[in-house]
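No hydrogens, no waters, no symmetry mates; every other heavy atom, side chains included, goes into these values. All residue numbers in this chain count up from 1 along the given sequence.
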Amino acid sequence: MTRAAKKNVKKIIRDLGAKGYERSYDWKGYEVYQPVFKGVRYVGYALVILVSGDNAWLAPDAEGDDYIYYRSLKIEEEKAAKHS
């Protein structure tokens, strides 16, 4: 992640009131980060931060949902690989 993108991600995290963020699986050519909140937080749609070059933005609701579905498939693939 570039310095400019990191600055943008940190601003998004601050605006969301999250305590930090974690890297997730790359998707459609983007680096993906997800906010980490203290305790349980109900926010509605999935919150996914997409990064490309110096740009970082909060994914639109539908795209965030698409990513969460993709992420769940990746997790299941990893579990299956461990049990093979």
Side-chain angles (χ1 to χ4, degrees):
M1 178 178 356
T2 67
R3 184 179 295 173
K6 189 171 191 170
K7 183 178 177 181
N8 291 333
V9 168
K10 285 183 176 184
K11 181 185 181 322
I12 293 168
I13 293 302
R14 196 171 43 253
D15 290 348
L16 291 173
K19 72 173 190 170
Y21 60 93
E22 60 185 29
R23 177 77 186 259
S24 196
Y25 301 97
D26 288 352
W27 181 64
K28 294 187 176 184
Y30 300 116
E31 291 178 33
V32 179
Y33 299 86
Q34 292 185 274
V36 175
F37 295 94
K38 184 177 181 178
V40 176
R41 182 152 180 164
Y42 298 97
V43 294
Y45 286 98
L47 296 175
V48 177
I49 301 166
L50 303 177
V51 174
S52 179
D54 289 344
N55 300 311
W57 63 96
L58 198 56
D61 296 341
E63 200 168 26
D65 285 347
D66 289 347
Y67 176 76
I68 294 301
Y69 177 71
Y70 168 79
R71 182 177 176 268
S72 68
L73 293 176
K74 294 294 284 182
I75 290 169
E76 289 302 315
E77 284 176 10
E78 288 178 354
K79 284 180 185 177
K82 285 182 182 178
H83 296 291
S84 299

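- Of all the heavy atoms in Asp65 and Ala46, the pair that sits closest is OD1-N, 3.9 Å.
- Tracing side-chain contacts under 4.5 Å through hydrophobic residues (I, L, V, M, F, W, Y), one reaches Leu58 starting from Tyr33; they form part of the same cluster.
- Ile13 has its side chain within reach of Ile49: a pair of non-hydrogen atoms, C-beta onward, lies under 4.5 Å apart.
- When the side chains of ILVMFWY residues are joined at heavy-atom separations under 4.5 Å, either directly or via intervening members, Val32 and Phe37 end up in two distinct hydrophobic clusters.
- How far CG of Asp61 is from CG of Asp66: 11.0 Å, rounded to the nearest 0.5 Å.
- Residues Pro60 and Tyr45 fail the side-chain proximity criterion, which asks for heavy atoms closer than 4.5 Å.
- If you chain together hydrophobic residues whose side chains sit under 4.5 Å apart, Leu50 and Tyr67 fall into the same group.
- At a threshold of 4.5 Å between side-chain heavy atoms, the hydrophobic network of Ile, Leu, Val, Met, Phe, Trp and Tyr places Ile68 and Ile75 in one connected group.
- In the hydrophobic clustering of this structure, Leu16 groups with Val51; members are Ile, Leu, Val, Met, Phe, Trp, Tyr whose side-chain heavy atoms approach within less than 4.5 Å, directly or through other members.
- The two residues Ala59 and Gly64 come nearest to each other via the heavy atoms CB-N, 4.1 Å.
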*Using the side chain to side chain contact (heavy atoms under 4.5 Å, CB included) rule, take Lys79 and Glu76 through it: C-alpha gap first, then chi angles, then the decisive distance, then the call.*
CA-CA 5 Å; Lys79 284 180 185 177; Glu76 289 302 315; 3.8 Å; yes

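- Ring pair Tyr69/Trp27: centre-to-centre distance not below 6.0 Å.
- Considering Glu78, Glu31, Arg71 in turn, Glu78 is the only one that fulfils the side chain to side chain donor-acceptor pair (under 3.5 Å) rule with Tyr25.
- Here Asp54 contributes atom CG and Thr2 contributes atom OG1; the two are 3.5 Å apart, rounded to the nearest 0.5 Å.
- Lys19 is linked by a side chain to side chain contact (heavy atoms under 4.5 Å, CB included) to Val36, Lys38, counting only residues two or more places apart in sequence or in another chain.
- For Lys6, there are no side chain to side chain donor-acceptor pair (under 3.5 Å) partners, not counting sequence neighbours.
- Every residue was checked against the side chain to side chain donor-acceptor pair (under 3.5 Å) condition with Tyr21, not counting sequence neighbours, and none meets it.
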